[in-house]
Colleague: 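Provided herewith is a single structure, encoded as structure tokens, for subsequent inquiry.
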Amino acid sequence: LQRKLRSIWSISLLILLSRYKDRHLHMSVFSQSFSPCGRFLAAGNNYGEIAVFSLSSALSPDATDLSQTPILTFTAHEGPVFSLFSTDSHLLSAGNGEISAWSWAELIKRNTKAAWTRRPNYKSSLEIPEINAMTVNPTENSLVIGGGDNNIHIMDLESGVFKSVLQGHTDYIHCLSVREREGEILSGGEDGAVRIWDHRTGQSVHCIEVYKYEECARPQYGKWISCLTTESDWMLCGGGPSLSLWHLRSMSPTSIFPLSGCQRQANFYQDMILSVGEGQCVSHCLLGGEVKAQIPCTPHSLNTLALNLNSTDNRVRVLTVGGSSHQIDVFTNLSYRTFSLSF
Amino acid sequence: MGAVTDDEVIRKRLLIDGDGAGDDRRINVLLKSFTKWCNSTGSPEEGFTQYQRMLGTLAQCEFSMGKTLLVYDMNLREMENYEKIYTDIEQNITSAHDKISECKKEIQRAKRIRKNRQEYDALAKVIQQHPDRHETLKQLEALDKELQQLSHIKENVEDKLELRKKQFHVLLSTIQELQQTLESKYDCCRCALLWQDGLWVCWTMWRSLYKGWV
């Protein structure tokens, strides 16, 4: 619901605010993605723009203030860019109900022509549902899209054909995750359910209603699930209910994290869990349920967290977070904020 | 060619002693005093003192030369020492690099181990909440035994019930028959009945009873 309101607001304010100098005050960064080589970062904001930053020049010893600004900014969609994903050669961006692909090689050369733009088959043509989450299923080379029409669309990346639609959620989908080994797609939505789908049959294998578990539920925030991530047999999910770690084999919650505020993105990293959400900090948690550290950052509320693990060059192995600010914080050492990139 | 070497010489001399004080001046003074002494026309004592002075200056020159030679040797040895220290430090640096990469690998391994331990702990916590398997099995066994006993008792009770039912049935049916026979006036045979001493007696019975009297 928050995202829907935000998108309506931003589209209506787009024309007014994007022309004014204080557009920076109203900018929110919703999505980030690193290039396959690891030297560039693309970020999408609520005005529908994508900015490409050069990490190698921002992190080099002779960086100036200019290197902390984008090398390229362009308007990709009419609506906010809620999701960005990088494949080996292309950057996929989702906005205004459609998906566009941009070649990374072309973007680095400052050429902003999209390679292709496709739209899933929506049943109703009256309202265009926004796309909230995108992920790639590597075994099938297919793109999994979840959005405002309560369904998950699966598109084959090579042919561009929309292969199947997974129906089952009763409200729009916030987040997606893929378990490669078991061939499962997990989706979390506004209806508070985490559904596990088998990608071959297209059937919902399990449905976990997180808010029904007493230890996780936080009725004062609601039942929606806004962040979902998996690693082998473990799953992290959170949103209205507290961020919790689940063991998927036994379908039971093992640890609940005492973080105030709703978490919007969480990742597993080495032996820790990194999580961002409402609250001006990045939370580091241990698998047992303790919050080890909370590192302060610039935006007052964070929407996205990205780890650059693509590159072997240690210099660009950074963590970047973005949220309700035009600045994107970069962490070279997880313990403190190094500097901020400015949209 | 000659000009180049002259430049070299000039540069060297300027480098060594450019300000005109010190050894160079002493040598020039010595040469001048030597030529003056050779061409001197003074007394032999003066000549002798000048000769002594020249010897003294010569000794000074030799002394400073000896000093510079020693300093030169010392510099060479210092250079060697520094070279050695330099190679030592380089070796230390490479070994430290190796140790750092080893330690980094160790830390990765330790982090993985810690993660596994934490996962194990989290699962153990969940498992602990469920009751012990042995206890549940024992409880199940006890319940089974109880169930068997109770079904045994039930069978016994049912058998007894059946038996009593049958017995009562027999009793009731005989009572009913008896009642019927008593109520019916034709007891043994269908002949006329006579009232005799408060009893209905049939004709054959009356005859046999009172036969002797007639």
Side-chain angles (χ1 to χ4, degrees), chain A residues 179 181 208 210 213-216 229-238 242-259 266-275 283-293 307 309 311-315 317 319 332-335, chain B residues 78-79 81-148:
Chain A
R179 286 177 85 193
R181 223 176 38 180
I208 305 172
V210 183
Y213 287 80
E214 252 181 65
E215 56 264 29
C216 312
T229 183
T230 49
E231 188 186 58
S232 67
D233 285 332
W234 301 86
M235 170 184 85
L236 270 178
C237 65
S242 315
L243 183 69
S244 46
L245 180 69
W246 290 68
H247 187 235
L248 284 172
R249 289 255 185 103
S250 56
M251 293 291 161
S252 58
T254 57
S255 325
I256 317 291
F257 298 97
L259 295 167
N267 270 44
F268 287 98
Y269 179 63
Q270 294 180 342
D271 61 338
M272 279 198 303
I273 287 163
L274 304 170
S275 162
S283 308
H284 294 199
C285 309
L286 292 175
L287 289 173
E290 340 144 9
V291 179
K292 199 171 81 161
L307 276 163
L309 303 168
S311 160
T312 49
D313 179 7
N314 275 335
R315 235 169 9 121
R317 284 175 76 92
L319 167 76
T332 47
N333 177 330
L334 287 183
S335 309
Chain B
E78 267 308 293
M79 280 285 288
N81 195 22
Y82 284 150
E83 287 284 335
K84 196 164 73 74
I85 292 175
Y86 184 75
T87 44
D88 274 343
I89 288 177
E90 266 193 1
Q91 268 173 3
N92 282 349
I93 286 175
T94 41
S95 67
H97 270 306
D98 289 336
K99 259 188 234 159
I100 284 176
S101 50
E102 275 294 316
C103 286
K104 277 195 181 156
K105 273 190 225 146
E106 271 295 311
I107 227 185
Q108 291 298 328
R109 221 168 57 91
K111 278 193 177 162
R112 252 205 314 272
I113 289 175
R114 181 152 82 139
K115 182 175 176 168
N116 287 340
R117 273 211 201 113
Q118 284 178 337
E119 283 177 7
Y120 172 83
D121 280 338
L123 273 178
K125 231 185 348 181
V126 175
I127 290 173
Q128 285 288 75
Q129 288 169 357
H130 292 105
D132 198 8
R133 189 158 52 122
H134 287 297
E135 275 184 29
T136 359
L137 278 175
K138 265 193 245 168
Q139 275 178 358
L140 277 173
E141 263 176 59
L143 283 172
D144 262 337
K145 248 195 272 180
E146 225 184 286
L147 199 70
Q148 268 181 8

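Letters A, B, ... are given to chains in the order of the sequence lines, protein chains preceding strands, and every chain is numbered from 1. Side chains included, hydrogens not; waters and symmetry mates left out as well; all remaining heavy atoms used.
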Colleague: For a 4.5 angstrom cut-off between non-hydrogen side-chain atoms, does Arg179(A) reach Asp233(A)?
Modeller: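 Yes. Closest side-chain heavy atoms under 4.5 Å.
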Colleague: Go through the structure and list residues passing side-chain hydrogen bond (donor to acceptor under 3.5 Å, both in side chains) with Ser275(A), not counting sequence neighbours.
Modeller: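 Testing Ser275(A) for side-chain hydrogen bond (donor to acceptor under 3.5 Å, both in side chains), a comparison that skips the adjacent residues, returns Gln263(A).
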Colleague: Can you tell me if Ser255(A) uses its side chain to pair, donor with acceptor, with the backbone of Leu287(A) under 3.5 Å?
Modeller: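 Side chain of Ser255(A) to backbone of Leu287(A), a donor-acceptor pair under 3.5 Å: yes, one is there.
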Colleague: Any sub-3.5 Å donor-acceptor pair from Thr136(B)'s side-chain atoms to Asp132(B)'s backbone N or O?
Modeller: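 It does hold such a pair.
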Colleague: What part of Glu290(A) gets closer than 4.5 Å to chain B, counting heavy atoms only: side chain, backbone, both or neither?
Modeller: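 Neither part.
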Colleague: If the contact rule is any heavy atom under 4.5 Å from chain A, which residues of residues 111-130 of chain B qualify, in numerical order?
Modeller: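 Checking residues 111-130 of chain B against chain A gives Lys111(B), Arg114(B), Lys115(B), Gln118(B), Glu119(B), Ala122(B), Leu123(B), Lys125(B), Val126(B).
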Colleague: State, with a plain yes or no, whether a side-chain heavy atom of Asn267(A) is found less than 4.5 Å away from one of Leu319(A).
Modeller: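 Side-chain contact under 4.5 Å: no.
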Colleague: Counting heavy atoms not belonging to Glu214(A), are there more than 12 under 6.0 Å from its CD?
Modeller: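 Open.
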